[in-house]
Amino acid sequence: MKGAAAAITGIAAAALLLFVGLPILAIFLRVPPSALLSQLHSPVALDALRVSMKTSLVSLAFIVLAGTPVAHLLARRRFPGRAVVITLIEVPLVLPPAVAGIALFAAFGRTGLLGSHLAAHDIRIPFTWIAVVMAQTFVAMPFYVRQVIASFGAVDQQLVGASRTLGAGAFRSFFRVEVPLARQGLAAGAALAWARALGEFGATALFAGGFVQGVTQTLPLAIYAQFQGANITSCLAMSAFLVAVSFAVLVSTKILLGWRET
Amino acid sequence: MSAVPDASAASGVSAVSGARRTDQLDIVVRHRLSRIELDVRLAVGRETLALVGPSGAGKTSVLRAVAGLFKPDSACITLRGRTLTDTARHVDLPPESRHVGLMFQDGALFPHLTIARNVEYGLRPRPRKRGERRARVDELLDRYGIADLRDSRPGKASGGERQRAALARAVATTPDVLLLDEPLTALDSMTKARVSRELAQWLADLGLPTLLVSHDYSDVVGLADRIAVIDAGRIVQIGTAADLQRAPASPFVAAFVATNYFRGCARRDGELTVVTLPQGRRFACSSPATGDVAFVVDPWAVRLTRDGADSLPNMPSVEPAAPPAADSAASAAVAASAAVANVLRGPVVHVVRFGSVVRVTVGSDPPLIVELPAEQADALGIERGAAVTASWPPDAARLVIDASRLKLGPASSRPTPAPPDSPPSPRSPLRSTAAASRARSWPSRSKPGAPSPRPARPGAPPD
């Protein structure tokens, strides 16, 4: 019986590994590496890379700047409505990206709730790189905030108290004690959020259009466009790049968090 | 009891402190904790005052309130004339502006900084030049014997070294008061003895008002000039270790200092006082008293004999030194002392050896603590389960003031045989509580640093 159980587990594990591993491997094996590299130098791919880098890094900056104090507050203070705030922040995690795109469109689109007022002042968000940033921020923010709430929550409050009695105010204590002690969690959260922003597709496609090369066309959108144009090699080249980035992010996150959490 | 903070009483203390020495820390803290009501008044002069009590008695809350890390419902805390907290006037300085040096239980060193960086963290005054800062840090590391750890992380240091680093870090801020939270608790017993010795020396060298919190009485005896015993949020007694040992104010304090404390009803019987305990046992006492009393028998004044064995001569003779029966009063005394013998029998339930002294707990009714020289204990064959007889002369029983009777408590609500010649004491809860708190705190305020004179009680002079 014991042998049978082990065999079943082994087969299941092999099947699972193959199921996940084979498609990833296929990206790299379908065409020779030289073709992948040359396709990565195509104008479409280079433009998409540039747009993706710019928008995802701006998104990340915004997420870190706004998310860190919010996460700190949520980790430290217990106030009525705290659970509601946390749930609201986590909604994009479970929301289908297409729904997120529609939601953003309904709010900031030309005829949207806020967008109509913005349009009156000649501010148009949809179909600009700002829209891409907003879509990415919307879906990637919870990855950072959740991780950082946990990391700040794990900082020993005695150390903050010690810092205060040693003459450092709340602000200085935050930067000299809490941030250094939570730095692994902060970095891991940022890496995860950046990877999520880089891979954003659905919300961007609906809210930012995403088919204007060099403006709103990020890597995932470019892959989709090239796929429709039957340029499979270009798709594979950009995919290979994203696989490499995703893998690097995942490994670095695990190293930062000490391989303990997943 | 009203839960509304008594603001006027809180402000009254700051008025008092203004007229006194300026290096004092005055604390009035009231707070409703989950299970107890914290109500503490303390004045700390240039001395080490230890706040001692069981876990959950509220002592750490007092410390954290002084440091500004805990906001009590009502508080007035002044330090060297500066008001740190006054809830009545909405004053509440942030921790960084209070100039208190807080040493946390486990040191609370920053794990991401070296020992030297930890000490440098709060350096005050803070020299502009890095070299000057380093020189001051090195001097402190030298003083506390941790110079070799300057570039190590706290994780590499031992418990004793972390405590020294924590003290160096607190001292580096030139605080106006030192607050030590369980400074010895986290240490193993070998390290504890050494750190206790060193700490006593360093605290004496610093000459700062120091408030120390501990749950272990024996830890603080060698460290503190005065000891405040706290129970369930209230200070039961303040005094030197000798004061507490000689005249514990309640059974709780007596248990803390490990002495024998009995309560009963006294009546005069010739030359002697006979005290009847609630369970009916009677003891003789040579100090005159009547009515509800408490008395203490020093553990070392009790003579112990092994039942069924010849007793060894150790203590001054137990036999009442009765004068020759020359007149009728003397013979009455002899008769009384014969009827009331200070003798308790029971099995030995616990034996602890401290160097050359053995502390024995006798499982009699009431139980008794006896201390005797180790060689006598060995000669008597004292061990767990041995049947022994304990006795003490009437002049070894010392009448003490029972502070817990001044307020309503479980002890005073217990039915005790009322003496026919003493009127029932007034039991207004508010009045008696106020009287108790005055009795507890006024003596120490009038003479900070000095052993607090205990309020005299008619008919019951100590010794």
Side-chain angles (χ1 to χ4, degrees), chain A residues 64 68-69 71-80 82 144 147-191 252-261, chain B residues 60-61 63-71 79 84 92-114 117-126 137 153-155 162 165-182 186:
Chain A
V64 170
T68 310
H72 182 258
L73 181 83
L74 290 169
R76 283 281 156 263
R77 298 247 187 278
R78 299 285 176 270
F79 52 87
R82 177 176 174 270
Y144 179 77
Q147 175 64 54
V148 173
I149 289 176
S151 301
F152 278 137
V155 172
D156 184 358
Q157 271 310 281
Q158 284 230 315
L159 297 175
V160 184
S163 171
R164 297 292 298 274
T165 61
L166 291 168
F171 200 68
R172 234 182 89 182
S173 299
F174 175 76
F175 282 106
R176 292 200 52 193
V177 175
E178 290 184 272
V179 168
L181 289 176
R183 63 188 185 278
Q184 272 109 339
L186 294 175
S252 57
T253 309
K254 292 217 181 279
I255 290 173
L256 285 169
L257 295 178
W259 296 98
R260 284 187 306 267
E261 310 156 44
Chain B
T60 298
S61 298
L63 212 61
R64 292 173 58 83
V66 175
L69 299 173
F70 163 70
K71 313 250 170 282
L79 175 59
L84 304 184
D92 184 26
L93 287 188
E96 60 269 23
S97 312
R98 292 187 172 222
H99 300 168
V100 299
L102 175 54
M103 198 171 123
F104 289 85
Q105 180 167 353
D106 57 352
L109 298 170
F110 302 124
H112 60 296
L113 301 177
T114 62
R117 290 277 179 199
N118 263 282
V119 174
E120 195 189 317
Y121 191 92
L123 204 58
R124 188 176 73 103
R126 195 174 181 83
V137 167
R153 296 286 160 101
R162 276 203 292 275
L167 180 63
R169 187 177 70 171
V171 168
T173 64
T174 55
D176 292 339
V177 63
L178 264 182
L179 308 171
L180 313 183
D181 189 5
E182 303 272 3

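So you know, we letter chains A, B, ... as the sequences are listed, proteins then strands, and number each from 1. Predicted model, so just to flag it, every value in this text is computed and none were measured.
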**Asked** Taking everything shown except F79(A) itself, do over 12 heavy atoms lie less than 6.0 Å from its CZ?
**Response** yes
**Message:** Quick check on the structure: residues of residues 174-185 of chain A within a heavy-atom distance below 4.5 Å of chain B, by number.
**Reply:** R176(A), V177(A), P180(A), L181(A), R183(A)
**Request:** Would you indicate whether R76(A), at its atom CZ, is surrounded by more than 12 heavy atoms from other residues, nucleotides or ligands within a distance under 6.0 Å?
**Result:** yes
**Request:** Name the region of L179(B), side chain, backbone, both or neither, that has any atom closer than 4.5 Å to a heavy atom of chain A.
**Result:** neither
**Asked** Can you tell me how far the CZ atom of F110(B) sits from the OG atom of S173(A), to the nearest 0.5 Å?
**Response** 7.0 Å
**Request:** Could you tell me whether the side chain of L166(A) reaches within less than 4.5 Å of the side chain of R169(B), counting heavy atoms only?
**Result:** yes
**Request:** Sort out for me which of P95(B), A170(B), G122(B) touches chain A most, counting heavy-atom pairs under 4.5 Å.
**Result:** P95(B)
**Prompt:** Taking atom OG1 of T165(A) and atom NE2 of H99(B), what is their separation to the nearest 0.5 Å?
**Reply:** 11.5 Å
**Request:** Provide the closest heavy-atom pair for R164(A) versus P94(B) in the form atom of the first, atom of the second, distance.
**Result:** NH2-CB, 3.8 Å
**Request:** Would you please go through residues 149-161 of chain A and name the residues with a non-hydrogen atom below 4.5 Å from one of chain B, in numerical order?
**Result:** Q158(A), L159(A), G161(A)
**Taking every non-hydrogen atom, the tightest pair across A162(A) and A108(B)** = CB-O, 4.0 Å
**Message:** Let's test your reading of the structure: which of P111(B), G101(B), A166(B) forms the most heavy-atom pairs below 4.5 Å with chain A?
**Reply:** P111(B)
**Message:** Within a 6.0 Å radius of atom CZ on R78(A), are there more than 12 heavy atoms belonging to other residues, nucleotides or ligands?
**Reply:** yes
